[in-house]
Amino acid sequence: MPVSIVVGLQWGDEGKGKMVDHLAENAVAVARFSGGANAGHTVEVDGKRFALHLLPSGLVRKDVIGMIGSACVMDPVTILEEIRSLEGNGISIEGRLKISGKVNLTHPAYRCLEMQSESDLASGKIGTTGRGIGPTYVRKYKRNAIRLEDVFDMENFTKLVDFHTLDAVNTLNLSSTQVETLHADVKNFIEATKEVSRFSADVSLSISEVLSKDALVIAEGAQGSLLDPDHGSYPFVTCGQCVSGAACTSLGFGPAPVTEVIGILKAYTTRVGAGPFPTELDNQIGQRIRKAGNEFGTTTGRPRRCGWLDGVLAAYSARINGCTSITLTLLDVLSGFDELKICTGYELDGKLIDYFPESVTLLDKCKPVYEELSGWLSLSMQKYPSLSNWNLNSGSASFSAGSILHPVNTVLESGLM
Ligand code: IMO
Ligand code: MG
């Protein structure tokens, strides 16, 4: 009864979608277990590119079942647009999509509330995607959220929706035009929820049925481990759990069937939004990587902050996720550099450390210590043997010149880039 979990090991945008799509070839189901419309997973089918925010990436394959777990948050208007975009391109998802009735819905007012909290200087800017993710999770834990299954009791659903509309209008200083827009958005929200409700399902039960047939389930993560609210660079994180353990809670199965945890690691590092980033290159090299890798947000279009590969961070992420293998992506972006750098340790208060500090205050003070490697002109794995020798010991990065450490089983998938 195998489950393969795919997670991002950095601050998101590692290429998870491409890897999930690749693995989905042998899977019966692909189940998204975290986040909401803040994710941006780009997949290509028959030369057409799809930027998916909520739908599981594997759904572009016509024989795969797509599921969305209960720990995800969902904007019904966005998911409906995605469904229509796939269907408009001849990819029917009817009968293949199962959304947990327990997912919490992003009411349109939450985006307005998020905008206000982001502009409130006292709370400090996180640089969110503006998709209302934080306010949706806040309401989940306040226990007054709107779940997809609520739509099946229309009277109660309308009451809940109205409560959140009114709450926002009372909290925010909205102009009459903004109030009008909000009411129009709420109408769309209600209509979209009704339409999407036909996909509501018991995801835990559906997964157990797939597993009982010994068929493969891919659990697809969103965001990256350093954006996890527990293990990431808090408070500069998202609100849904991004690490592998969250797959079980969100999708409703125990850890026993998990046979693989595949960490996706980009050959360099990017980050969108605020927060510490030890290997950031706020210079021409960073700009060159951004241009070569087209490092602009799929969700917001924001330029991503770029920097060298951070091995200390990678080792930490491999540990908290229990990675059994790592896929290194986007190596081709680094083609043509005379010299490449990989961070193998940090200098913290004059001392060299080789572990990732738990506290973001300490992380902010860390200065990267680099190993330098000669670059390549065009990508060919044979020409770059040092990368096939990458070792991530249980949590601490110990690199030696020319030979980067290696986890249990390093996967180098140049073909996926
Ligand atoms: P994928 O799945 C990159 C970042 C935002 C911000 C922080 C909090 O494409 O890897 P939020 O809107 O979630 O409350 O924002 O998290 N963030 C991402 N960065 N890729 C993502 O998803 C992200 N999802 C959220 O930029 O710093
Ligand atoms: Mg993204």
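None of the values given here were measured: they were computed from a predicted structure. Note that ligands are numbered from 1 as they come in the structure, with each ligand's atoms numbered from 1 the same way. Hydrogens, waters and symmetry mates play no part in the numbers below; they use all other heavy atoms, side chains included.
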*Asks:* I'd like to know if Lys266 and Asp13 make a salt bridge, using a cut-off of under 4.0 Å between side-chain N and carboxylate O.
*Replies:* no

*Asks:* With heavy atoms of Ala39 as the reference, note each atom of ligand 1 found under 4.0 Å away.
*Replies:* 1 (P), 2 (O), 9 (O), 22 (O)

*Asks:* Could you tell me which non-hydrogen atom of Glu220 sits nearest to which non-hydrogen atom of His41, and how far apart they are?
*Replies:* OE2-ND1, 2.9 Å

*Asks:* What protein N/O/S atoms are there under 2.8 Å from the Mg ion (ligand 2), waters excluded?
*Replies:* Asp13 OD1

*Asks:* Just jot down the ligand 1 atoms closer than 4.0 angstrom to any heavy atom of Val237, in number order.
*Replies:* 7 (C), 8 (C)

*Asks:* Run down the list Asn38, Asp13, Thr238, Leu227 and name the one with the heavy atom closest to atom 17 (N) of ligand 1.
*Replies:* Leu227

*Asks:* Within less than 4.0 angstrom of ligand 1, does Gly40 place any heavy atom?
*Replies:* yes

*Asks:* Please report the shortest heavy-atom distance between Ala27 and Val64, naming the atom on each side.
*Replies:* O-CG2, 3.8 Å

*Asks:* Need the ligand 1 atom indices (1-based, order shown) with element for anything under 4.0 Å from a heavy-atom of Gly273.
*Replies:* 27 (O)

*Asks:* Using a 4.0 Å cutoff against the non-hydrogen atoms of Trp11, which atoms of ligand 1 qualify?
*Replies:* 3 (C), 19 (N)

*Asks:* Is the closest heavy-atom distance from Gly127 to ligand 1 below 4.0 Å?
*Replies:* yes

*Asks:* Would you say Glu14 and ligand 1 have an N/O pair spaced under 3.5 Å apart?
*Replies:* no

*Asks:* As an exercise, identify every atom of ligand 1 less than 4.0 angstrom from a heavy atom of Ile126.
*Replies:* 27 (O)

*Asks:* Check for me whether Arg131 has a heavy atom closer than 4.0 Å to any atom of ligand 1.
*Replies:* no

*Asks:* Regarding Glu114 and Arg131, does a basic nitrogen lie under 4.0 Å from an acidic carboxylate oxygen?
*Replies:* no

*Asks:* By number and element, which atoms of ligand 1 are closer than 4.0 Å to a non-hydrogen atom of Ala222?
*Replies:* 2 (O)

*Asks:* If you measure every N or O of Val272 against every N or O of ligand 1, does any of those distances drop under 3.5 Å?
*Replies:* yes

*Asks:* Check whether any heavy atom of Thr298 sits under 4.0 Å from an atom of ligand 1.
*Replies:* no

*Asks:* If a pair satisfies side-chain hydrogen bond (donor to acceptor under 3.5 Å, both in side chains) and one of its residues is in residues 67-79, list it, with sequence neighbours excluded.
*Replies:* Asp75-Thr78, Asp75-Arg111

*Asks:* Give the C-alpha distance, both sets of side-chain angles, the deciding distance and a yes or no for side chain to side chain donor-acceptor pair (under 3.5 Å) between His183 and Thr165.
*Replies:* CA-CA 8 Å; His183 282 299; Thr165 312; 5.6 Å; no

*Asks:* Taking the non-hydrogen atoms of Arg302, is any one of them nearer than 4.0 angstrom to ligand 1?
*Replies:* yes

*Asks:* So, 4.0 Å and heavy atoms of Lys16: is ligand 1 close enough to count as a contact?
*Replies:* yes

